[in-house]
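Have a look at the structure below before the remarks.
Naming: A, B, ... by sequence-line order, numbering from 1 per chain.
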4 protein chains.
Amino acid sequence: MPTTKTSAKKKPQAPASPERRRELLGIAAEVFAAQGYNATTVRKIADEAGMLAGSLYYHFDSKESMLDEILSTFLDELWDGYDTVLAAGLGPRETIEALVTESFREIDRHRAAVAIYQKESRHLVDQERFHYLVDSQVRFEKAWLGTLERGVAAGVFRADLDLRLTYRFVRDTVWVAASWYRPGGQHSPEEIARQYLSMVLDGIAPRA
Amino acid sequence: MPTTKTSAKKKPQAPASPERRRELLGIAAEVFAAQGYNATTVRKIADEAGMLAGSLYYHFDSKESMLDEILSTFLDELWDGYDTVLAAGLGPRETIEALVTESFREIDRHRAAVAIYQKESRHLVDQERFHYLVDSQVRFEKAWLGTLERGVAAGVFRADLDLRLTYRFVRDTVWVAASWYRPGGQHSPEEIARQYLSMVLDGIAPRA
Amino acid sequence: MPTTKTSAKKKPQAPASPERRRELLGIAAEVFAAQGYNATTVRKIADEAGMLAGSLYYHFDSKESMLDEILSTFLDELWDGYDTVLAAGLGPRETIEALVTESFREIDRHRAAVAIYQKESRHLVDQERFHYLVDSQVRFEKAWLGTLERGVAAGVFRADLDLRLTYRFVRDTVWVAASWYRPGGQHSPEEIARQYLSMVLDGIAPRA
Amino acid sequence: MPTTKTSAKKKPQAPASPERRRELLGIAAEVFAAQGYNATTVRKIADEAGMLAGSLYYHFDSKESMLDEILSTFLDELWDGYDTVLAAGLGPRETIEALVTESFREIDRHRAAVAIYQKESRHLVDQERFHYLVDSQVRFEKAWLGTLERGVAAGVFRADLDLRLTYRFVRDTVWVAASWYRPGGQHSPEEIARQYLSMVLDGIAPRA
DNA sequence: GATGAATGAGGCTTCATTCAT
DNA sequence: GATGAATGAAGCCTCATTCAT
């Protein structure tokens, strides 16, 4: 049940093999993440793909539609994972644990998309086309904040904290990791999740 | 003892009233932070300042030099604060507390600059001109990581965590706040610092 | 009896002391000659004069009017000298000798103006304002070519040469010297004139 | 054995038809020569070529690189010709005759480039990129001055002249012709060379 | 006489995009 | 599927010029 809709295509752009598309989008995502969307030229992407700038337009409508497809694909997959977790009927603490772990898995698989999302979503939401980013954020907040509230009610989270602050704290703590995470590094996503959870839940000071 | 160097000026830059410069830099920083450096046109800044695009060049060499001045001014002031803390001879836990509090104060005073720093520093460091960002990062890591290490040795921080991961966790946790913080909001920087420290040090799960 | 007219002035620009004007024009001429008129910014001239660009407009209407005044002043003085020679009733060979000598004297006194004239007059003549350059050129050609013709008729110049070519040869030979001549060098203008005349009249091959 | 270096190219410049490049460079050279490099706008060149200003940048890096290519191409060809002459083992007088003739041929084929060279080389040499102009000038002086010296030693040139002055005299005499020469005029380059040589070698006064 | 600050026009360049081949 | 060449809009920056002080 994806939130995002891939925007309608004017020109019958079916012919291009979906594999080549995915390959090109991967390259584009990497460059967008490294240099920023605005600073990335279509030519740079084409260079990286071993073709000329104009040739990209056989595969995609525009630079923006590449960005769109990268972000919406990522969000679709993210919500697949989140929805599975949320539907599992876990307790609040276990839900948080599962969401954090799932998040690091997504960072592992979509590092570039996540980095782009972090950097660009703020300005993007002003555009009609990217309104689905707002929808996603709303659902996101509902899921996390709701779980935190359930947890406070259940006594598994501290009651003396500002919950919105706590929400932002947990959310940022996780996602900002995309800025330094490198797939194939020494820590698996699950291992990183475990350590993060340990800090978030129990703090960095030793328990008495 | 600032890390940053104010770039050499061929032409008698800054002969004019430093007040106007600061005013314009404030406007520029706001726009850079809101739209991203690359996406910000010089005309947009000028519009905001009520002048024509070309007129900005009476005060600044280039768009890039505005960015430079915004960032280096911020870093100079940041290090003023940090150095004071680091020279105070506090224990590791108190040092972390003081650094976090100082950081939120800087976010309060330089919100735009911090947001720009977060978003742009990655690509900027490739340029000679912004090499001081790297220097600052190195010092930054040394200060934080060193304090964490001292804390582990002293037994005031947990010994079972990957320290680099912990460093990133604490660092990001603090600075990412610039992305949503709005000066003059309901929480003072000190109050936010207190809550953050509470979470970072003790976790969000209740102590037994 | 100057050929050139200093263009009419809209604003009563009398107040500026003529000495300061001449001083500033000297500076401007030097820069125009060194960098080319178009490549010279008003600010560069002002820098050289120790003032700000805007201040020059107290003394002059425009950059172009500086150029105008530099060139017309030079041409006025040149024609003072030429007219004296032409009115002296000399024979053709002596006239050529006197004109060449007078030319090197002008180069000595107005090196910058001459260099500017060489480089810029071609495009300038298209403008109404600089039409006097054409007038001067016409008179110039008349004086030199006429003298050469008289000389051929009198048998003091070779009859087997294309006279227009000869005219250009002599003319260029003399004036192009402004591109390398430096006042105060080892050769006086008169000495250079003597050597040039020796080459032009007798050639560089030894006489049998 | 060209003196000039074709500047390094980051981007695969010149992948396209060299014919189009040469065509465009020809147009650019013509405009540069007519109006001066600085006074020539990129749009003017594009207009002349029947395209938009931006389109030129498909073929060239910058306005400056057009100038560079025009000058270096000219100098390469000039030195091809000169080197052939210098390697031929002629006597000094015959060498001078051959160099002058070759020079007029180059003026005939590269009139615009020569005119540009005359007008712009002075300021250009200050830039790293155009340092090859200095190299060329040094070689040029060596070739001409050396030949003159040989000639004086051999008794075929007068011994009573300042040789540096003579060198400049001959050099300027020849090259300044580019300012008025029009290909396809009534005189062939060889005919002009013959007359120039006659004047330079034997003077304009009749031999006794 | 000069300064400080701004204007406005225009210049060079970049870049997403198009399209005939 | 891709290339080569071009378009057109827009961006950064320069500079002659103006004018209140």
Any [X] side-chain N or O less than 4.0 Å from OP1/OP2 of [N]:
| X | N | value |
| --- | --- | --- |
| R20(D) | dA6(F) | yes |
| S17(D) | dA5(F) | yes |
| Y58(D) | dA5(F) | yes |
| S55(A) | dT3(F) | yes |
| H59(D) | dA6(F) | yes |

Exercise. Between dG1(E) and dT21(F), how far is it from one C1' atom to the other, in whole Å?
Worked result: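 To the nearest whole Å, 13 Å.
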Shortest non-hydrogen separation from [X] to [Y] and the atoms involved:
| X | Y | answer |
| --- | --- | --- |
| K119(A) | G36(A) | NZ-N, 4.4 Å |
| A29(A) | I116(A) | O-CD1, 3.5 Å |
| S65(B) | R129(B) | CB-NH2, 3.0 Å |

Exercise. 5'-most contact on DNA chain F: E64(B) or L52(A), nearest heavy atom basis?
Worked result: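 This one resolves to L52(A).
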Problem set entry | Nearest-nucleotide 5' precedence on DNA chain F, T40(B) against A53(C) |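 Whichever sits nearer the 5' end wins; that is T40(B).
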Exercise. Quick one: does NZ or CZ of K63(D) land under 6.0 Å from the six-membered ring centre of F32(D), within 45 degrees of the ring axis?
Worked result: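 No.
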What's the [atom1]-[atom2] distance between [X] and [N], to the nearest Å?
| X | N | atom1 | atom2 | result |
| --- | --- | --- | --- | --- |
| E23(D) | dA5(F) | CD | C1' | 13 Å |
| D61(A) | dC19(E) | CG | C1' | 16 Å |
| L24(B) | dA5(E) | CG | P | 10 Å |
| F60(A) | dA16(E) | CZ | P | 15 Å |

For this session: Could you work out which one of dG1(E), dA5(E), dC12(F) sits closest to the side chain of K63(B)?
Result: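 Closest of the options to the side chain of K63(B): dC12(F).
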Exercise. Counting side-chain heavy atoms from CB outward, which of dT7(E), dG1(E), dT18(F) is closest to Y57(C)?
Worked result: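 Closest nucleotide to the Y57(C) side chain: dT18(F).
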Exercise. If we only count heavy atoms from C-beta on, is the T41(D) to D47(D) side-chain gap below 4.5 Å?
Worked result: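 Not touching, per the 4.5 Å side-chain cut-off.
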Problem set entry | Side-chain heavy atoms of H59(A) within contact of M51(A), under 4.5 Å |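 With C-beta onward as the side chain, the pair touches.
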For this session: Could you walk me through whether E19(A) and R22(A) pass the salt bridge (charged side-chain N to carboxylate O under 4.0 Å, His left out) test, one step at a time?
Result: CA-CA 5 Å; E19(A) 299 166 32; R22(A) 224 174 305 139; over 6 Å; no
Exercise. What parts of residues 42-51 of chain B reach DNA chain E, counting only heavy atoms under 4.0 Å away?
Worked result: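 M51(B), in order of number.
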Exercise. Does F74(C) offer a backbone N or O that forms a donor-acceptor pair with the side chain of Y117(C) under 3.5 Å?
Worked result: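 Judged by distance alone, no pair lies under 3.5 Å.
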Hey, could you give me the [atom1]/[atom2] distance between [X] and [Y], rounded to the nearest 0.5 Å?
| X | Y | atom1 | atom2 | result |
| --- | --- | --- | --- | --- |
| L24(D) | E48(D) | CG | CD | 12.0 Å |
| H123(B) | L133(B) | NE2 | CG | 11.5 Å |
| S121(C) | L71(C) | OG | CG | 8.5 Å |

Exercise. Among residues 29-39 of chain A, which residues get a heavy atom nearer than 4.0 Å to DNA chain F?
Worked result: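 Under 4.0 Å from DNA chain F: no residue of residues 29-39 of chain A.
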Problem set entry | Any side-chain donor near an acceptor of the partner, Y132(D) and D68(D), under 3.5 Å |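 Yes, side-chain donor-acceptor contact under 3.5 Å.
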Exercise. Can you tell me which stems DNA chain E forms when a stem means 3 or more consecutive Watson-Crick or G-U pairs under 3.5 Å?
Worked result: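 Detected stem regions: E:2-21 with F:2-21.
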Exercise. Looking for any heavy atom pair under 4.0 Å, which part of the strands does T41(D) touch: base, sugar-phosphate only, or nothing?
Worked result: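 The residue T41(D) makes sugar-phosphate contact but no base contact.
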